**Student:** 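For reference, the structure I am asking about is given below.
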Number of protein chains: 2
Amino acid sequence: MSEQGQRSISSQNLADFVGVNPWQIRKDFSYFGGFGTRGIGYDIEKLTREIKKILKLDIIQKAVLVGVGNLGSAVLAYPGFRRHGFDIAAVFDNDPKKIGKKIENITVEDVSKLQTLKRRKIYLGIIAVPGDAAQQIADALVKAGVKGILNFSPCYITVPKKVKIITIDIAMDLARLPYYIPTG
Amino acid sequence: MSEQGQRSISSQNLADFVGVNPWQIRKDFSYFGGFGTRGIGYDIEKLTREIKKILKLDIIQKAVLVGVGNLGSAVLAYPGFRRHGFDIAAVFDNDPKKIGKKIENITVEDVSKLQTLKRRKIYLGIIAVPGDAAQQIADALVKAGVKGILNFSPCYITVPKKVKIITIDIAMDLARLPYYIPTG
DNA sequence: CTATGTGAATTTATTCACAGCA
DNA sequence: TGCTGTGAATAAATTCACATAG
């Protein structure tokens, strides 16, 4: 909306957009302080800034990707990261045929060199390796100082509780659909 | 646990496993009827069956995948689908170089033939195409009788409200992490 | 006049505590 | 005795209604 030159938006418009009621929008925002203008609505630029601050997305975040198979390549090619303030600053794999090659302008490094992350100030990791290697990669990432992990391997991974881990299991997402579909 | 020969499990064990309290587990289950045994716990086989029934995952679900790029290939190679009762029964793409080829034992079909889904009783669709084609594919899927869509394209898609759509935006998942990470 | 922000009312969810059953 | 299932108590979230500011 900001890109389209729109200046402000009302709680009503926002509510329609995300499918809730206006007072829910207002109440939720109010918990973080009032950043709207009465009679007008919410300034889009300001609102975006405030929400980014709340979610700690106000500074560009570097991330490391481990695993450049199909899934990893898809992640690298994903246009959304840059747009949302993420910078895939390093890529690792264990395949000698891939190490040293450039993919999407980033050179693939040897996964055995993960500890170099420590001095590169990268605190977010993305795991896109086969399930049987995921725990081991997670351990290495934690050891290298990573504080948050997005895990695409379909398996339970344990990490120290100071580290936040979010696991995306595609099958689990697909599994949410049948519930909503009237049985035929 | 069932595969490991375990017979039953208590609400306490389940709670520890998923990180909530035992009474939450019991209360939640009780809303669907009591399927535990006092003094013993929950029969694992039975519990699995009951939960699958609630989520409508008790019958094998066929699904169609559209788009066999990096992401689509990753989806196809995903081991989790079969294990959770899903069958990727059809695959489509618009690239002539891919159409007719076999990937993971499934022949890639021409995306212009999506309407053939109607008579194949496939009600779940997975969209793994570039963002600019996603809406058009979604429209075609809905026309072909698909009732639920898992969308991996990073864009808003509108569908009739009888169709359930779940959008997975990898960047949004990554964006959830910084909030939990103490600012350094 | 318009749209926010917020106390109060209402509804929903969680937690407790224990009765009831194997 | 052990663990479930559930009413009652407590806590939290949502909705309402309106005072308030531009």
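Predicted model only: the values in this text are computed from it and were never measured. Any value given below was found using the heavy atoms of this structure, including those in side chains, with hydrogens, waters and symmetry copies removed. Below, chains carry the letters A, B, ... as their sequence lines are ordered, and counting in each starts from 1.
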**Student:** Does atom OH (A:Tyr156) have a neighbourhood of more than 12 heavy atoms from anything else shown, all under 6.0 Å?
**Tutor:**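 At most 12 heavy atoms, drawn from other residues, nucleotides or ligands, come within 6.0 Å of this atom.
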**Student:** Provide, to the nearest angstrom, the distance between the CZ atom belonging to A:Arg38 and the P atom belonging to C:dA3.
**Tutor:**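 Those two atoms, CZ and P, are 14 Å apart.
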**Student:** Using only heavy-atom distances, decide whether a donor-acceptor pair under 3.5 angstrom links the side-chain of A:Arg26 to the base of C:dT4.
**Tutor:** no
**Student:** Is it the case that one hydrophobic cluster holds both A:Val163 and A:Val64, taking links as side-chain heavy atoms less than 4.5 Å apart, direct or via other members?
**Tutor:**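 In one cluster: yes.
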**Student:** As a test of reading the structure: which of D:dT20, D:dT4, D:dT14 is closest to the side chain of A:Gln24, going by heavy atoms?
**Tutor:**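 Selected nucleotide (nearest to the side chain): D:dT14.
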**Student:** Can you tell me if CZ on B:Arg120 sees more than 12 non-hydrogen neighbours from other groups inside 6.0 Å?
**Tutor:**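 Yes, CZ of B:Arg120 has more than 12 neighbouring heavy atoms, counting only those of other groups under 6.0 Å.
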**Student:** How many whole angstroms separate atom CD of B:Glu50 from atom P of D:dT4?
**Tutor:** 16 Å
**Student:** Could you give the NZ-to-C1' distance, from B:Lys27 to C:dA19, as a whole number of Å?
**Tutor:**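 Distance, rounded to whole Å: 14 Å.
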**Student:** Contact between A:Thr167 and A:Ile157 at the side-chain level, heavy atoms closer than 4.5 Å - yes or no?
**Tutor:** no
**Student:** Select one nucleotide: of D:dT15, D:dA8, C:dA3, the one nearest the side-chain heavy atoms of A:Ser10.
**Tutor:**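 My answer, after comparing the listed nucleotides, is C:dA3.
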**Student:** The side chain of A:Ser30 is closest to which nucleotide in this list: C:dG5, D:dC16, D:dT4?
**Tutor:**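 The nucleotide sitting nearest to the side chain is C:dG5.
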**Student:** Using a 4.0 Å heavy-atom cut-off, does A:Phe35 contact any base of the nucleic acid, only the sugar-phosphate backbone, or nothing at all?
**Tutor:**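 Sugar-phosphate: the residue A:Phe35, judged by heavy atoms under 4.0 Å, touches backbone atoms but no base.
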**Student:** Where the side chain of B:Tyr42 is defined as all heavy atoms beyond and including C-beta, which of D:dT4, D:dT20, C:dC16 is the nearest nucleotide?
**Tutor:** D:dT4
**Student:** Is the phosphate of D:dT4 approached by B:Ser11 (side-chain N or O, under 4.0 Å from OP1 or OP2)?
**Tutor:**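 Checking D:dT4 against B:Ser11, a side-chain N or O does come within under 4.0 Å of OP1 or OP2.
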**Student:** Please tell me which of A:Gly39 and A:Asp28 maps to the more 5' nucleotide of DNA chain C, matching each residue to the nucleotide holding its nearest heavy atom.
**Tutor:** A:Gly39
**Student:** What is the separation between atom CG on A:Leu14 and atom P on C:dA3, rounded to the nearest whole Å?
**Tutor:**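 After rounding, the gap between these two atoms is 13 Å.
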**Student:** Which whole-number value in Å describes the distance from A:Ile40 CD1 to D:dG22 P?
**Tutor:** 11 Å
**Student:** Return the 5'-most residue of the pair B:Trp23, A:Tyr31 with respect to DNA chain D, ranking by each residue's nearest nucleotide.
**Tutor:** B:Trp23
**Student:** Can you check the B:Ile25 CD1 to D:dT6 C1' distance for me, whole Å?
**Tutor:**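 It works out to 16 Å between those atoms.
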**Student:** Contact class for B:Phe29 (heavy atom, under 4.0 Å): base, sugar-phosphate, or nothing?
**Tutor:** nothing
**Student:** So A:Phe29 and A:Phe35, would you call those rings parallel, tilted or perpendicular, with 30° and 60° as cut-offs?
**Tutor:**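 Aromatic pair A:Phe29/A:Phe35 classed tilted.
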**Student:** Within the pair B:Asn21 and C:dT14, is there a side-chain N or O less than 4.0 Å away from OP1 or OP2?
**Tutor:**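 B:Asn21 to C:dT14 OP1/OP2: no side-chain N or O under 4.0 Å.
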**Student:** Rounded to whole angstrom units, what separation is found between the CG atom of A:Asp43 and the P atom of C:dG5?
**Tutor:**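 Value for this atom pair: 12 Å.
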